[in-house]
Amino acid sequence: MTTFENFHAFRIHQDEHGHHAGIETMALEALSPGEVVIRVKWSSVNYKDALAGMGRGKILRRYPLVGGIDLAGTVLTSSAARFQPGDPVLCTGSGLSETRDGGYSELARVPAASLIPLPKGLDLREAMILGTAGFTAGLALLRMQDNGQTPAHGPIAVTGASGGVGMLAISIFSQAGYEVHAISGKTDRADFLRELGAHTVLPRDTLTTAPHALGSARFGGALDNVGGATLATLLASTQPYGNVAVCGMVGGIQVSTTVMPFIIRGVSLLGIASSGTPRLQRERVWDHLATDWKPVQLNHIATRDIGMEQLIATFPVLLSGASFGRTLVHITD
Ligand SMILES: NC(=O)c1ccc[n+]([C@@H]2O[C@H](COP(=O)([O-])OP(=O)(O)OC[C@H]3O[C@@H](n4cnc5c(N)ncnc54)[C@H](OP(=O)(O)O)[C@@H]3O)[C@@H](O)[C@H]2O)c1
């Protein structure tokens with residue numbers, strides 16, 4: 001039974017035994033401080049969770065911490081006036097599983113400033129199908145549009161298209177009226193990506209040849225999950241005054257490019273850092289995700305539900321690039 005003195009959490013350590021992680025019994029006072037205690041119902045598995053869970057990529061800034069960068073659940077207790085017991089809430093990023101205990105836990109304790117009331121139009125499970133992945137895709141669209149992107153610029157390339165961010169981006173951008181060109185290593189899944197809203201599905205190697213300083217401007221803009229040569233090629237292939245939003249690095253962290261896309265075509269490179277997004281922008285994104293940008297095929301994008309005990313086996317699948325869609329973590333009923 002879950003009590004404040006006795007609940008289960010997936011905790012990550014780095015100590016004299018090296019990296020190790022697993023399910024432990026915890027008490028509330030061991031969790032990072034915060035005004036709101038939440039009974040967590042759902043979380044999700046993101047690439048960053050896999051890095052953290054496997055002890056790769058220097059994600060955690062202190063140890064030990066509960067893993068999980070996303071959570072959705074109901075408020076149990078709150079010393080902040082904005083939240084009352086029973087309120088459904090969500091939290092993505094905001095230091096979860098980075099500087100403070102995260103969402104892979106039957107109970108979580110979070111500062112009120114980091115919590116978003118569950119928007120009307122989403123249930124708790126849907127909020128976690130979106131999670132950091134959907135929030136990141138939505139934030140990219142918001143920032144691109146704030147910087148002048150419109151469907152008239154031309155098609156939007158989405159790389160890493162069969163991953164969590166990629167699938168949700170296909171759906172969100174197409175809901176918002178853009179023609180989406182999905183770039184994927186899994187062309188056998190092209191039909192599914194088209195069902196999500198992709199107009200065209202192109203193989204991953206379309207964008208990995210060494211780019212010229214400027215190529216034919218085939219895209220109006222892009223959301224890039226990959227980095228490296230893919231990002232350089234996207235920059236060289238974007239229409240005048242289009243935006244390339246970069247959020248990921250599954251293909252590498254180095255980028256070799258020239259100034260030409262920027263000074264000849266006025267292309268903008270927008271950095272997407274979802275974890276530290278200011279609250280006003282966070283609320284704008286979630287309002288859209290619950291209404292006009294809400295993916296119509298949300299339940300199809302959740303390809304797997306697991307329990308906390310399956311996390312360890314799930315992480316290597318994400319890091320190998322073999323994952324497909326979103327994996328949800330069912331924490332409590
Ligand atoms: N900046 C932020 O705030 C933020 C937020 C969320 C995620 N991210 C980053 O965004 C990226 C995607 O995250 P995710 O959670 O969607 O991960 P994911 O579900 O594991 O998806 C990653 C996808 O990238 C593609 N891929 C994998 N390895 C690749 C490689 N070596 N070269 C090219 N493509 C490869 C695969 O898609 P295909 O087979 O279809 O090509 C894979 O499904 C990660 O780098 C993650 O850290 C950043």
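When a ligand or atom number is given, it counts from 1 through the structure's own listing order.
- Under 4.0 Å from ligand 1, the heavy atoms of Ile272 that appear belong solely to its backbone.
- Annotation: side chain of Val45 is not in contact with side chain of Leu328 (no heavy-atom distance under 4.5 Å).
- Proximity of Thr132 to Lys48: side-chain heavy atoms (C-beta onward) are nowhere separated by under 4.5 Å.
- Listed by number with element, the atoms of ligand 1 under 4.0 angstrom from any heavy atom of Ala161 are 40 (O).
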**Q.** Leu196 and Ile301: CA distance, side-chain angles, deciding distance, side chain to side chain contact (heavy atoms under 4.5 Å, CB included) verdict
**A.** CA-CA 9 Å; Leu196 293 181; Ile301 293 171; 3.7 Å; yes
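- The proximity of Arg204 to ligand 1, defined as any non-hydrogen pair under 4.0 Å, is limited to the side chain.
- In terms of protein heavy-atom proximity, atom 21 (O) of ligand 1 is nearest to Gly163 CA, 3.1 Å.
- Environment of CD in Glu309: crowded, with over 12 heavy atoms of neighbouring residues, nucleotides or ligands closer than 6.0 Å.
- Looking at heavy atoms from C-beta onward, Val36 lies out of side-chain contact with Asp87 at the 4.5 angstrom threshold.
- With a 4.0 Å cut-off on non-hydrogen atoms, Ala322 does not touch ligand 1 at all.
- Below 3.5 Å of separation, one finds an N or O of Asn225 facing an N or O of ligand 1.
- For ligand 1, one of its N or O atoms has an N or O atom of Val165 under 3.5 Å away.
- Checked by distance only, ligand 1 and Ser323 come closer than 3.5 Å through their nitrogen or oxygen atoms.
- Taking any N or O of Gly164, backbone or side chain, at least one lies under 3.5 Å from an N or O belonging to ligand 1.
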**Q.** Working for side chain to side chain contact (heavy atoms under 4.5 Å, CB included), residues Leu319 and Arg56
**A.** CA-CA 10 Å; Leu319 297 188; Arg56 287 173 46 185; 3.5 Å; yes
Q: Decide yes or no on side chain to side chain contact (heavy atoms under 4.5 Å, CB included) for Met249 and Asn225, but give the supporting numbers first.
A: CA-CA 6 Å; Met249 45 76 191; Asn225 282 298; over 6 Å; no
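- Residue Met249 has at least one heavy-atom neighbour below 4.0 Å for each of these atoms of ligand 1: 45 (O).
- Checked by distance only, ligand 1 and Gly185 come closer than 3.5 Å through their nitrogen or oxygen atoms.
- Scanning the protein heavy atoms around atom 46 (C) of ligand 1, the nearest turns out to be Tyr47 CB, 3.7 Å.
- Between Val226 and ligand 1, a contact under 3.5 Å exists for no N or O pair.
- In terms of polar-atom proximity, Asn46 is not counted as a contact of ligand 1, lacking any N or O under 3.5 Å from an N or O of the ligand.
- Around atom NE2 of His19, more than 12 heavy atoms belonging to other residues, nucleotides or ligands sit under 6.0 Å away.
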Q) Would Glu24 and His13 satisfy side chain to side chain contact (heavy atoms under 4.5 Å, CB included), going step by step from the backbone distance to the final call? A) CA-CA 11 Å; Glu24 295 175 20; His13 297 258; 2.6 Å; yes
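- Close approach to Gly248 involves these atoms of ligand 1, each under 4.0 Å from a residue heavy atom: 9 (C), 10 (O), 11 (C), 45 (O).
- For ligand 1 and Ala273, the ligand atoms under 4.0 Å from any heavy atom of the residue are 3 (O).
- Results of the side-chain hydrogen bond (donor to acceptor under 3.5 Å, both in side chains) test with Tyr178 over Gln145, His153, His199, Gln149 single out Gln145 as the only residue that passes.
- Taking a cut-off of under 4.0 Å to the non-hydrogen atoms of Thr132, the atoms of ligand 1 that pass are 5 (C), 6 (C).
- Heavy atoms from other residues, nucleotides or ligands lying under 6.0 Å from CD1 of Ile263 number more than 12.
- Residue, atom and distance of the protein heavy atom nearest to atom 31 (N) of ligand 1 are Val250 O, 3.4 Å.
- The Ser274 neighbourhood of ligand 1 comprises atoms 2 (C), 3 (O), 5 (C), with distances under 4.0 Å to a heavy atom of that residue.
- When the heavy-atom distances from atom 8 (N) of ligand 1 to Ser275, Cys247, Gly57, Gly271 are ranked, the shortest goes to Cys247.
- Ligand 1 lies out of reach of Ala133, whose nearest heavy atom is not under 4.0 Å from it.
- The environment of Tyr241 atom OH is sparse: at most 12 non-hydrogen atoms of other residues, nucleotides or ligands sit within 6.0 angstrom.
- For ligand 1, the atoms sitting less than 4.0 Å from at least one non-hydrogen atom of Leu318 are 20 (O), numbered in the order shown with element in parentheses.
- For atom 43 (O) of ligand 1, the closest heavy atom belonging to the protein is Lys186 NZ, 3.2 Å.
- Around CZ of Arg279, the count of heavy atoms belonging to other residues, nucleotides or ligands within 6.0 Å exceeds 12.
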